[in-house]
Asker: 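This structure is in C-alpha cells; I'll ask about it shortly.
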Amino acid sequence: MKTEIIDLNGHPFHIRCWGDPANPPLLLLHGFPEYGGAWADLAPRLADRFHCIAPDQRGYGQSWAPDDVALYRGSQLVEDMAALIEQIGGPLTVMGHDWGAAVAYGLAMFRPELVSRLIIANGVHPGPFQRALAAGGAQAEASQYILALRREGSEQHFAANDFEKMKALFLAKMNNAWMTPDKLAEYTAEWSRPGRLKTMIHWYRASPLQVAAPGAPITDLPEMPRDRLMVRCPHLLIWGRGDTALLPEATEGLEEFAPDLTRVEFEEADHWICHQIPDKVAQAINDWMPAG
C-alpha cells in the first residue's frame, strides 16, 4: 500500500493505493465513520487485477476538512471524486460503501462519462432510500440515529469518554468480530484529528434526506426526477442481509433507476461486509467484471 497527498480543485486529499498502477483503476469510496484505510481488508484481494485507489473523502482522515456545513452538499462531494477520476483518467469502475455509495451513485448519475461500471456494497440509491425513510416503517426507525447525529454539538456527545458513544453507534447490533483492538485504535486516531468528527458528521447535516418519525409517514415529499437519477452503466449491488442500519426495503425498486443491475446477497454478513467476508466480496466482483 502506498500513500500520497494530491490536489483536487485546489484542496489537499490523502490517497491510498494498492496494486500495480498499470492495472485498470478501481476507485474505492468509504462511508461513515470510516476513512480510506478501511479498504485495507478488501483492496489487497483485488490488487492482482486492479489498481485500487482509496481517498479519504472530504472531511475525513487526512484530507481537506472545511468547517462550514454548507461545503458538504452532495454535488460538492461528487465533484471532489470527479476531479480525482479526471486526474486518473476515466471512465473507470467505482465502488462505494455506506456514504461512499451516495458519492458513487452521484458520479454514475450526474457524471456518467466518468463511470464505466458501478459497484455498491451495503449502500443505497437516493430514490429507494428516501421512499423507505419517508414511509415511517422499519427503515425510518432504524435511521433515527441520523437525527441524533444532525443535532448541533453532537460531535462532542459522540467524542466524550474516548469516543464511547461513537464506538457504540459504530458497532451496535452488528457482528464486530473483525474490529480488533489495533483496528479500533486506528479508527480512534482518525476521529481524533482536530475537528474531524464534526466534519464527518457534516455529511449528515448537509444531506436533504428526510427521516420520518416511526409510524408517521411523510406524505408531501417532492417528486424525484427519475430521469436524472438513472444509473445507465452496469451495476453490481453486494448486500449483507444482516445489516441493521440499511434494511432490504431501502433497495426495493432499485431496478427502476438501474436497469442493468446484478444483485449478490450474503446471509452471513451485515453492514460491515467488506471487513467480514472480504474474500467473498472480492470473488463476487471478479465474477461480475468482464474478462480481460
Side-chain angles (χ1 to χ4, degrees), residues 1-6 8 13-31 34-57 60-63 81-82 84-98 100-101 103-105 107-108 114-123 175 177-180 182-183 186-187 190 231 233-240 260-292:
M1 193 265 289
K2 296 178 181 176
T3 66
E4 62 176 318
I5 300 288
I6 66 168
L8 299 178
F13 281 76
H14 185 252
I15 310 286
R16 293 170 178 82
C17 298
W18 294 261
D20 187 340
N23 287 341
L26 172 63
L27 180 59
L28 299 170
L29 301 179
H30 68 82
E34 300 200 283
Y35 63 108
W39 293 103
D41 291 327
L42 180 62
R45 292 166 165 86
L46 295 168
D48 59 337
R49 182 169 186 176
F50 298 99
H51 183 219
C52 298
I53 302 161
D56 290 343
Q57 294 201 77
Y60 284 83
Q62 299 174 63
S63 288
M81 295 303 105
L84 177 55
I85 295 173
E86 286 166 349
Q87 280 197 30
I88 297 165
L92 49 70
T93 301
V94 178
M95 179 173 184
H97 171 259
D98 186 77
V103 177
Y105 273 123
L107 287 164
L114 299 178
V115 183
S116 56
R117 301 176 79 84
L118 176 67
I119 304 167
I120 300 294
N122 283 74
N175 175 3
W178 61 273
M179 181 57 86
T180 64
D182 284 349
K183 260 194 185 140
E186 290 170 0
Y187 276 86
E190 296 298 329
V231 175
C233 66
H235 177 11
L236 172 65
L237 179 66
I238 302 172
W239 198 262
D260 190 356
L261 177 67
T262 301
R263 293 178 183 256
V264 177
E265 298 186 345
F266 293 97
E267 293 288 343
E268 68 271 35
D270 58 41
H271 190 70
W272 307 114
I273 185 170
C274 296
H275 299 290
Q276 293 161 341
I277 54 169
D279 287 321
K280 292 183 178 180
V281 172
Q283 187 65 52
I285 293 167
N286 282 319
D287 288 346
W288 176 74
M289 290 293 294

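Basis for what follows: all heavy atoms, side chains included, without hydrogens, waters or symmetry-related copies. Since the structure is predicted, the reported quantities are computational estimates derived from the model, not experimental observations.
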Asker: Tell me, do M179 and Y187 make a side-chain contact under 4.5 Å, heavy atoms counted?
Answerer: yes
Asker: Minimum heavy-atom separation for L118 and W288, please, with both atom names.
Answerer: O-CH2, 3.7 Å
Asker: Distance from L46 atom CG to M289 atom CE, nearest 0.5 Å?
Answerer: 10.0 Å
Asker: The test is side chain to side chain contact (heavy atoms under 4.5 Å, CB included); show your working for F266 and I238 and say whether it passes.
Answerer: CA-CA 8 Å; F266 293 97; I238 302 172; 3.9 Å; yes
Asker: Roughly how far apart are T93 OG1 and I119 CD1, rounded to 0.5 Å?
Answerer: 6.0 Å
Asker: Anything under 3.5 Å between a donor and an acceptor, one on a side chain of residues 277-286, the other on a protein residue two or more places apart or in another chain? List them.
Answerer:
| residue | atom | partner | partner atom | Å |
| --- | --- | --- | --- | --- |
| D279 | OD1 | R45 | NE | 2.7 |
| K280 | NZ | E268 | OE2 | 2.6 |
| Q283 | NE2 | D287 | OD1 | 2.7 |
| N286 | OD1 | R49 | NH1 | 3.2 |
| N286 | ND2 | A282 | O | 3.2 |

Asker: Would you mind writing out the side-chain donor-acceptor pairs for residues 23-30 within the sub-3.5 Å range, not counting sequence neighbours?
Answerer:
| residue | atom | partner | partner atom | Å |
| --- | --- | --- | --- | --- |
| N23 | ND2 | A47 | O | 3.4 |
| H30 | NE2 | Q57 | N | 3.0 |

Asker: Where do C52 and A43 come nearest, in terms of heavy atoms and distance?
Answerer: SG-O, 3.8 Å
Asker: Test your reading of the model: is there a side-chain donor-acceptor pair from T262 to the backbone of L236, 3.5 Å cut-off?
Answerer: no
Asker: Which heavy-atom pair separates G19 from H51 by the least distance, and what is that distance?
Answerer: O-CD2, 3.4 Å
Asker: Who are the side-chain contact (heavy atoms from CB on, under 4.5 Å) partners of N175, not counting sequence neighbours?
Answerer: A177, D270, Q276
Asker: Using every non-hydrogen atom in the two residues, find where S116 and C233 come nearest and quote the distance to one decimal.
Answerer: O-CB, 3.4 Å
Asker: What are the two closest heavy atoms between M81 and L107, and how far apart are they?
Answerer: CB-CD1, 3.8 Å
Asker: For E190, which residues count as a side chain to side chain donor-acceptor pair (under 3.5 Å) partner, sequence neighbours excluded?
Answerer: R193
Asker: Can you list the residues that meet the side-chain contact (heavy atoms from CB on, under 4.5 Å) rule with N122, with sequence neighbours excluded?
Answerer: H97, W239, D243, H271, I273
Asker: Check salt bridge (Lys or Arg N to Asp or Glu O under 4.0 Å) between D56 and all other residues, then give those that pass, not counting sequence neighbours.
Answerer: R16
Asker: In Å and rounded to the nearest 0.5 Å, what is the CD to OH distance from E34 to Y60?
Answerer: 9.0 Å
Asker: For residues V115 and L92, determine if any side-chain heavy atom of one lies less than 4.5 Å from a side-chain heavy atom of the other.
Answerer: no
Asker: Could you measure the distance from the CG atom of L261 to the NE2 atom of H235? Nearest 0.5 Å is fine.
Answerer: 5.0 Å
Asker: Nearest 0.5 Å please: distance from the OG atom of S63 over to the NE2 atom of H14.
Answerer: 7.5 Å
Asker: Which residues satisfy the side chain to side chain donor-acceptor pair (under 3.5 Å) test with E265, sequence neighbours excluded?
Answerer: R241
Asker: Can you list everything that forms a salt bridge (Lys or Arg N to Asp or Glu O under 4.0 Å) with E4? Sequence neighbours excluded, please.
Answerer: none
Asker: I need the minimum non-hydrogen distance between I15 and P55, along with the two atoms involved.
Answerer: CD1-CB, 3.5 Å
Asker: I53 and I88: side chain to side chain contact (heavy atoms under 4.5 Å, CB included), yes or no, with the steps?
Answerer: CA-CA 9 Å; I53 302 161; I88 297 165; 3.6 Å; yes
Asker: What residues, two or more places apart in sequence or in another chain, satisfy ring pair (Phe, Tyr, Trp, His ring centres under 6.0 Å) together with F13?
Answerer: none
Asker: Could you pull out all donor-acceptor pairs under 3.5 Å where a side-chain atom in residues 35-42 meets a protein atom, sequence neighbours excluded?
Answerer:
| residue | atom | partner | partner atom | Å |
| --- | --- | --- | --- | --- |
| D41 | OD1 | K183 | NZ | 2.9 |
| D41 | OD2 | K183 | NZ | 2.9 |
| D41 | OD2 | H275 | ND1 | 2.7 |

